[in-house]
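Numbering of residues begins at 1 and proceeds along the displayed sequence. Each ligand, and each atom within it, is numbered from 1 in the order the structure gives.
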Amino acid sequence: MADRLKGKVAIVTGAASGIGAATARIFAREGAKVVVTDVQDEKGKAVAKEVDGIFLHHDTSDEAQWTKVLAETRGKFGRLDVLMNNAGVFIPQTIEDSTLDVWNKVLGINLTGVMLGCKHAIAAMKANPGGPKGSIVNVSSITGFMGLASAAAYTASKGGVRFLTKSVAVHCARNYRTIRCNSLHPGAIDTPMNQAAFDASGDPEGTRKYFEGLQPIGRMATAEEMGECALFLASDESSYMTGAELLADGGWIAAAGPL
Ligand SMILES: NC(=O)c1ccc[n+]([C@@H]2O[C@H](COP(=O)([O-])OP(=O)(O)OC[C@H]3O[C@@H](n4cnc5c(N)ncnc54)[C@H](O)[C@@H]3O)[C@@H](O)[C@H]2O)c1
């Protein structure tokens, strides 16, 4: 299959690395025109070149930059069909260690950035030639379902994304019918984000092994496996899904314990 997003225009935020880069490649493989956005310019440009798309510098926590990204996307391609709100940061701090600066930074990117993306994408999707239509995929996390003791702000941000998605979905369904919004909840994925956490632990190999053992499936996922999940939510194959949670965690949450 190579036409599951044929004729569609997609923005993927945080697409210079990890899950976002893999998703940009998969969306392009399926026929979408892809707008790669990120704060990492060189890496983002390389991904855009690879997928024959365009790169836009974009800090998702800044509303003025969303206005610019949407204007440039519509100016270049004339429509917006898919937004993957993927950009995120992981800065571990327990609740006792939390500083307001880190809290505001994590919430600003991981939650406020997703809210701004939804707001601006809906405005563009409403104005699509042929009438309102589109799919928004918000990247939450397994931590949208359970608390990570070492990362209070991150857990709060991902729980926020899970429920923001439902509010957006209901609003869009009631008002526009064919604009959908769902959340994707990765478990542990082998990306630079996790590698940085392993490196910071002082025992990268041991921490990696521990992480792999947490999941009944016995390994972390690849970024590509998350991209394939995002593709399903982005495509018309999920046309009756809105406000839903797609959990892709190798059975982590399903397992009550080691048995
Ligand atoms: N890796 C995992 O195990 C895992 C698990 C659950 C959820 N997630 C989520 O998946 C998403 C992608 O993570 P990843 O693992 O691919 O990490 P990653 O670090 O490889 O990629 C994240 C990208 O977001 C970009 N980014 C950071 N701040 C930004 C900002 N303000 N504006 C725009 N871009 C910004 C980074 O430059 C980077 O390219 C994140 O939302 C993350 O929280 C990851």
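- Ion pairing of Glu72 with Lys68 is present here, as a side-chain N (NZ or NE/NH1/NH2) and a carboxylate O approach within less than 4.0 Å.
- Proximity of Ile19 to ligand 1, defined as any heavy-atom pair under 4.0 Å, is shared by backbone and side chain alike.
- Contact between Met220 and ligand 1 is absent, with no heavy atom of the residue lying under 4.0 Å from the ligand.
- Of all protein heavy atoms, the one lying nearest to atom 28 (N) of ligand 1 is Val89 CG1, 3.7 Å.
- Counting heavy atoms under 4.0 Å from ligand 1, residue Met226 does not touch it at all.
- Proximity of Asn86 to ligand 1, defined as any heavy-atom pair under 4.0 Å, is shared by backbone and side chain alike.
- Closest approach of Tyr154 to Val89, counting heavy atoms only: CD1-O, 3.3 Å.
- The two atoms that bring Thr73 and Arg79 nearest to each other are CG2-O, 4.0 Å, heavy atoms only.
- For the residue pair Asp101 / Thr99, no side-chain donor-acceptor distance below 3.5 Å is found, with atom types taken as modelled.
- The nearest protein atom to atom 31 (N) of ligand 1, hydrogens excluded, is given as Asp59 OD1, 2.9 Å; this is a heavy-atom distance.
- For ligand 1, the polar-atom distance check against Ser141 finds no nitrogen or oxygen pair separated by under 3.5 Å.
- With hydrogens left out, the protein atom closest to atom 15 (O) of ligand 1 is Thr191 OG1, 2.6 Å, a heavy atom.
- Of the protein's non-hydrogen atoms, the one nearest atom 18 (P) of ligand 1 is Ser17 OG, 3.6 Å.
- The closest approach between Gly113 and ligand 1 stays at or above 4.0 Å for every heavy atom of the residue.
- Asp249 places no side-chain N or O within donor-acceptor distance of the main-chain N or O of Ala188, the cut-off being under 3.5 Å.
- The pair Asp236-Lys8 counts as a salt bridge, with a side-chain nitrogen and a carboxylate oxygen less than 4.0 angstrom apart.
- Considering each of Gly14, Pro192, Gly88, the one bringing a non-hydrogen atom nearest atom 27 (C) of ligand 1 is Gly88.
- The heavy atom nearest to atom 8 (N) of ligand 1, considering only Phe90, Tyr154, Phe211, is found in Tyr154.
- Checked by atom type, the side-chain pair Thr60/His58 shows no donor-acceptor distance below 3.5 Å.
- Contacts of Ser140 with ligand 1, taken as heavy-atom pairs under 4.0 Å, involve the backbone alone.
- Heavy-atom distances between Gly187 and ligand 1 reach below 4.0 Å in at least one pair.
- Relative to atom 17 (O) of ligand 1, the option among Gln65, Met84, Met193 with the closest non-hydrogen atom is Met193.
- Protein heavy atom at the shortest distance from atom 37 (O) of ligand 1 is Asp38 OD1, 2.6 Å.
- Summary of contacts: the protein heavy atom closest to atom 3 (O) of ligand 1 is Asn194 ND2, 2.7 Å.
- Taking every non-hydrogen atom of Val139 and a distance limit under 4.0 Å, the qualifying atoms of ligand 1 come out as 9 (C), 10 (O), 11 (C).
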Next on the checklist: salt bridge (Lys or Arg N to Asp or Glu O under 4.0 Å) for Glu50 and Arg25? Distances and angles first, verdict last.
Outcome noted: CA-CA 8 Å; Glu50 214 184 304; Arg25 291 186 192 103; 2.5 Å; yes

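- Ligand 1 has no nitrogen or oxygen under 3.5 angstrom from a nitrogen or oxygen of Ala188.
- Salt bridge status for Arg219 with Asp190: absent, with no side-chain N to carboxylate O gap under 4.0 Å.
- Residue Phe90 is not grouped with residue Ile142 when hydrophobic side chains (ILVMFWY) are merged at heavy-atom distances under 4.5 angstrom, including chains of intermediate members.
- To the nearest 0.5 Å, atom CD1 of residue Ile54 and atom NZ of residue Lys33 are 11.0 Å apart.
- Nearest heavy atom pair, residue Asn194 against residue Ile189, reads ND2-O, 2.7 Å.
- Among protein heavy atoms, atom 29 (C) of ligand 1 sits closest to Val39 CG2, 3.9 Å.
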Checklist entry - For Glu228 and Arg29, what are the C-alpha separation, side-chain angles and deciding distance, and is it a salt bridge (Lys or Arg N to Asp or Glu O under 4.0 Å)? => result CA-CA 11 Å; Glu228 299 291 354; Arg29 180 195 77 198; 2.9 Å; yes

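- On a distance-only criterion, Asn110 and ligand 1 share no N/O pair closer than 3.5 Å.
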